[in-house]
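To start, the structure under review is shown below, and the notes come after it.
Order of the sequence lines fixes the chain letters, A, B, ..., with proteins taken first and strands second; residue numbering starts at 1 for each chain.
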Amino acid sequence: MNLLRREFFARSAHEVAPDLIGVTLLVDGVGGRIVEVEAYDQDDPASHSFRGQTLRNAVMFGPAGHAYVYRSYGIHWCLNVVCAERGRAEAVLIRALEPQHGLEAMWSRRGVQAERSLCSGPGKLCQALGVTGAHDGLPLDEPPFELRARTEAPTIVTGTRIGLTRAADRPWRYGLAGSPYLSRRF
DNA sequence: ACCGCGATGCACT
DNA sequence: GTGCATCGCGGTG
């Protein structure tokens with residue numbers, strides 16, 4: 001599956017999510033391989049698209065393969081990949097990655113921390129990679145974004161999603177087995 | 001280890 | 001006014 005093709009993302013978020021584990025995500029050359037994601041679909045009370053289109057979530061309604069960036073708790077930014085299309089607004093939340101490229105930029109943006117905490121959470125990851133609302137709606141196959149296909153098939157673990165109050169029992173969290181860069185252990 | 005809380009923007013009731 | 005797809009800090013076991 002060619003990551004630069006829109007067809008990769010024009011599938012259900014439940015198919016795309018595990019396929020993103022191990023994929024390298026860069027923003028202006030800063031990033032690493034994705035180790036944790038969550039899927040959200042339109043029949044999902046926890047999804048921003050559940051109640052229909054608004055100004056904030058408009059990007060979720062397509063086209064696929066673009067970044068949906070929203071502000072969380074008034075402070076943090078969170079990065080999603082838009083999936084599906086044809087009115088089915090789905091997305092995959094990028095929750096954690098393994099810092100591999102541009103470590104100096106990450107350190108300066110995040111402040112002095114343990115390396116494992118540079119990108120171990122959706123808000124941390126956006127801060128480390130410099131993702132903000134200015135990236136909302138931008139295609140992921142063009143600069144400043146870059147995606148690189150994985151070279152090995154990862155061992156994937158699943159679990160329930162983090163931090164939800166609604167639909168908290170759905171096992172739509174995916175992670176790279178054994179990675180020390182997860183936001184939480186599975 | 002876990003628990004509580006404050007910071008802060010914005011969609012929604 | 002309330003609740004959140006969060007994080008970091010400070011308290012207690």
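OP1 or OP2 of B:dT13 has at least one side-chain nitrogen or oxygen of A:R51 nearer than 4.0 Å. In this model, the phosphate group of C:dT6 is approached by a side-chain N or O of A:R95 to a distance below 4.0 Å at OP1 or OP2. Contact between the side-chain N/O atoms of A:R110 and the OP1/OP2 oxygens of C:dG8 is found at a separation under 4.0 Å. Note on A:T165: a side-chain N or O is less than 4.0 Å away from OP1 or OP2 of C:dC4.
Separating the CZ atom of A:R161 from the P atom of C:dA5 is a distance of 9 Å, rounded to the nearest angstrom. Between A:H76 atom NE2 and B:dG6 atom P there is a gap of 16 Å when expressed in whole angstrom units.
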inquiry  = Please convert DNA chain B into dot-bracket. A pair counts if it is Watson-Crick or G-U wobble with both distances under 3.5 Å; crossing pairs go in [ ] and bases paired with another strand get |.
reply    = |||||||.||||.

task = For A:R110 and A:Q127, run side chain to side chain donor-acceptor pair (under 3.5 Å): C-alpha distance rounded to whole Å, both residues' side-chain angles, the deciding distance at 0.1 Å, then the answer.
result = CA-CA 7 Å; A:R110 295 274 300 131; A:Q127 185 179 26; 2.7 Å; yes

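Comparing the P positions of C:dA5 and B:dT13 gives an interatomic distance of 14 Å, to the nearest angstrom.
A:F8 CZ to A:D141 CG: the interatomic distance, rounded to the nearest 0.5 Å, is 12.5 Å.
Judged by distance alone with a 3.5 Å cut-off, a donor-acceptor contact links the side chain of A:Y70 to the base of C:dA5.
Among the atoms of the strands shown, none is found under 4.0 Å from any heavy atom of A:N57.
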